[in-house]
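Below is one structure, written out as structure tokens; the observations come after it.
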There are 2 protein chains.
Amino acid sequence: MRIALLGFGSVGRALARMLVRTRAAFTVTAIGTKRHGAVVDARGIDLATVLARTDLPLRALPPIRDLPADVLVEVTTLDPAAGEPALTHVREALDAGMHVVTANKGPIARAYRELEALARERGVLLRFEATLADCLPVFTLRRAALPLAEIRAIRGIVSSTCNHVLSRCAEGARFDDALAEAQRLGIAEADPRNDLEGHDAAAKAAILANVLMDADIRPEDVTRRTIDAAAGEAAAAAARSGARVRPLIAIARDGAGVTASFGPERVEPLDPLHAVDGFSMGLVLDTDLAGRVVVQLHDPHVDQVAYAILTDLLEIGAAAPA
Amino acid sequence: MRIALLGFGSVGRALARMLVRTRAAFTVTAIGTKRHGAVVDARGIDLATVLARTDLPLRALPPIRDLPADVLVEVTTLDPAAGEPALTHVREALDAGMHVVTANKGPIARAYRELEALARERGVLLRFEATLADCLPVFTLRRAALPLAEIRAIRGIVSSTCNHVLSRCAEGARFDDALAEAQRLGIAEADPRNDLEGHDAAAKAAILANVLMDADIRPEDVTRRTIDAAAGEAAAAAARSGARVRPLIAIARDGAGVTASFGPERVEPLDPLHAVDGFSMGLVLDTDLAGRVVVQLHDPHVDQVAYAILTDLLEIGAAAPA
């Protein structure tokens with residue numbers, strides 16, 4: 001299977017390293033970057049060589065429909081508000097009959113129904129495991145382990161940054177220091193409002209609601225309470241009594257519709273989300289046929305984002321051999 | 001896809017009810033019981049009618065190879081020591097070119113390599129999700145969400161009975177009372193030694209080691225420490241300091257081989273197995289590519305066993321359409 005890779009930052013490079021390491025049966029035929037050029041080779045690009053370079057030979061990538069590839073891997077820099085340019089890339093690739101794997105929340109949070117319908121119409125697959133929580137098994141889990149089951153409610157921790165900050169506050173750190181530490185480690189952005197105000201978590205809640213619970217909500221429909229210094233103080237107080245304050249999303253059916261929220265919540269020690277500490281993430285899925293199923297990913301790093309993309313590629317490879 | 005159902009106790013009946021409820025595209029063509037007769041109808045058995053009966057019309061089921069079925073569902077009464085008669089049933093069905101789904105630990109714990117080789121040779125699938133921990137996603141998870149990853153170590157709680165007893169002791173109950181309660185609820189057997197001495201957990205540890213970590217160990221190779229009144233007292237003491245004592249299995253690579261153990265272990269509040277309370281079960285999988293992945297199933301009942309079988313049937317149906 002031939003892969004066109006759009007975006008060659010930390011995630012794209014981690015994926016390239018993992019493809020080399022696992023000797024997975026994929027050939028990368030195109031790599032495009034925003035500022036460092038592009039490369040196209042229908043016979044296959046030598047990834048080790050490309051990983052060692054800072055700039056690629058072509059000035060820009062040809063149009064997506066002209067790429068010699070069966071699947072587009074979309075890992076360009078995120079614009080969470082509009083979901084662009086990822087949304088345009090995904091749409092173009094599906095329209096051209098290419099499978100798509102994306103790590104970008106925007107297109108899925110804003111246009112899942114449209115994109116899924118387009119993929120079905122063109123007979124290709126759209127996969128996006130990495131959009132939610134690195135390689136935390138969510139959409140693969142749903143397809144493989146929770147078929148036919150109705151998912152009735154979801155609680156979870158999907159923001160590494162917020163969870164890290166509140167975890168450090170629980171250990172006695174000041175909120176500002178914990179946030180500065182997360183920024184120093186490169187997990188919180190220079191402007192941390194996207195995480196702390198819950199915009200990132202709201203996009204993920206919309207994805208979960210729309211994909212797993214057949215809802216049709218937008219990120220703006222998710223009620224948000226900010227993770228702030230007061231939440232940090234609550235986290236410290238909770239820790240003194242053996243509990244934790246965690247940045248939780250909660251999604252539930254409410255009559256005909258689905259409602260979703262984000263905010264700091266007290267979590268007791270026998271709650272399955274209590275031990276989801278630091279950079280870890282996790283979900284509690286309440287279902288009819290499978291009961292209550294919990295998944296967690298502990299202390300992930302960028303390799304786990306790349307692995308989520310790799311599992312999507314492997315599923316496409318198995319379902320739709322070239 | 002045509003199903004022959006061997007065993008019509010609580011699990012077999014729960015599966016029949018779930019097939020009716022979900023209108024899954026399967027036809028049950030044969031049902032065999034040990035003491036209440038059998039029924040065979042190549043056009044399909046009306047499950048609602050059979051569920052209302054106490055005895056079935058035929059005295060005994062014909063030989064497995066003569067059944068008009070594509071898949072054998074093996075849910076006969078467990079003989080954990082020898083794995084019989086389940087092992088013979090599974091072997092006969094695979095040999096006759098039928099897919100097999102079993103909820104019986106014995107055949108998988110004792111003869112996984114032989115049975116898997118036979119299934120491959122005959123071009124059929126052997127599935128056993130329900131052997132481990134009801135519908136806790138384990139083998140489906142491995143196939144769908146953890147491909148290519150090496151599983152390096154496993155810790156987990158796979159014994160509902162032991163975990164319930166220690167959980168009740170943590171709440172202040174006496175060990176004997178907690179055990180009697182589990183027996184009254186029908187989850188502990190009249191002779192509870194199979195659970196408390198870890199024979200059941202050892203069989204599950206052998207399955208995990210052999211299937212997920214490419215080991216070749218037998219249940220007898222698993223080091224066992226009994227869950228007893230002293231463990232109950234330790235559970236009560238741990239609870240007073242905010243921790244829990246849980247019945248843990250631990251599997252790890254040790255040089256060239258794989259070692260496995262079972263016994264009561266203290267678990268701190270930030271351990272992902274701390275909140276796996278009561279009848280709940282869970283696993284912590286340490287992997288190379290996916291990092292640390294945790295799955296839990298909270299408060300399962302017999303419907304979750306049936307659901308595990310149903311997910312196996314759906315996977316077979318998707319992979320090998322009749």
Side-chain angles (χ1 to χ4, degrees), chain A residues 18 21-24 129 134-149 167 170 242-244 267-278 280 282 284 286-301 303-304 306-308 310-311 313-315 318-319, chain B residues 18 21-24 129 134-149 167 170 242-244 267-278 280 282 284 286-301 303-304 306-308 310-311 313-315 318-319:
Chain A
M18 197 170 276
R21 172 180 172 188
T22 59
R23 299 192 186 90
E129 191 73 28
D134 303 348
C135 71
L136 179 77
V138 181
F139 307 111
T140 53
L141 184 86
R142 203 292 190 259
R143 287 188 293 272
L146 299 174
L148 299 187
S167 296
R244 284 293 183 277
V267 170
E268 302 298 330
L270 288 180
D271 186 307
L273 296 173
H274 180 272
V276 179
D277 201 51
S280 305
V284 179
D286 283 344
T287 78
D288 57 348
L289 300 176
R292 175 171 289 180
V293 175
V294 176
V295 282
Q296 301 170 5
L297 180 68
H298 284 254
D299 300 315
H301 56 94
D303 274 359
Q304 272 68 70
Y307 182 66
L310 179 59
T311 65
L313 286 169
L314 288 165
E315 190 184 330
Chain B
M18 198 170 276
R21 173 180 172 189
T22 59
R23 298 192 186 89
E129 191 73 28
D134 304 348
C135 71
L136 179 76
V138 182
F139 308 111
T140 54
L141 183 85
R142 202 295 189 256
R143 286 189 294 273
L146 299 173
L148 300 188
S167 296
R244 285 293 183 277
V267 171
E268 303 298 331
L270 288 181
D271 187 309
L273 296 173
H274 181 272
V276 179
D277 202 50
S280 305
V284 180
D286 282 344
T287 78
D288 57 348
L289 300 177
R292 175 170 288 179
V293 175
V294 176
V295 282
Q296 301 171 5
L297 180 68
H298 283 254
D299 301 315
H301 55 93
D303 274 358
Q304 271 70 69
Y307 182 66
L310 179 59
T311 64
L313 287 169
L314 288 165
E315 191 184 331

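Order of the sequence lines fixes the chain letters, A, B, ..., with proteins taken first and strands second; residue numbering starts at 1 for each chain.
Among all heavy-atom pairs drawn from Asp288(A) and Gln304(B), the shortest one is O-NE2, 4.3 Å. Closest of all the heavy-atom pairs between Pro147(A) and Tyr307(B) is O-OH, 2.6 Å. Closest non-hydrogen pair, Ala144(A) versus Thr311(B), comes out as O-CB, 4.5 Å.
If you measure heavy-atom distances from Ala149(B) to chain A, the contacts under 4.5 Å come from both the backbone and the side chain. Residue contact with chain B, scored on non-hydrogen atoms closer than 4.5 Å, is absent for Pro300(A). Heavy atoms of Leu146(B) lying under 4.5 Å from chain A belong to its backbone as well as its side chain. No part of Arg143(B) comes within reach of chain A, as not one of its non-hydrogen atoms sits under 4.5 angstrom from that chain. Heavy atoms closer than 4.5 Å to chain A are found in both the backbone and the side chain of Pro269(B). Heavy-atom distances place both the backbone and the side chain of Leu297(A) under 4.5 Å from chain B. There is no contact between Asp299(B) and chain A, counting heavy-atom distances below 4.5 Å.
Among the candidates Ala290(A), Gly242(A), Gly291(A), Ala308(A), the residue making the largest number of heavy-atom pairs closer than 4.5 Å to chain B is Ala290(A). When the candidates Val138(A), Leu310(A), Val295(A) are compared by the number of heavy-atom contacts under 4.5 Å with chain B, Val295(A) comes out ahead. For the set Ala306(A), Ala145(A), Cys135(A), the count of heavy-atom pairs under 4.5 angstrom toward chain B peaks at Ala145(A). Taking chain A as the reference chain and counting heavy-atom pairs below 4.5 Å, the highest number among Arg21(B), His301(B), Glu315(B) is found for Arg21(B).
Counting only heavy atoms from C-beta outward, the side chains of Leu270(A) and His274(B) approach each other to under 4.5 Å.
For the atom pair OG1 of Thr22(B) and CG of Leu148(A), the computed distance is 5.5 Å after rounding to the nearest 0.5 Å.
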TODO: Apply side-chain contact (heavy atoms from CB on, under 4.5 Å) to the pair Met18(A) and Leu289(B), showing each step before the final yes or no.
DONE: CA-CA 8 Å; Met18(A) 197 170 276; Leu289(B) 300 177; 4.1 Å; yes
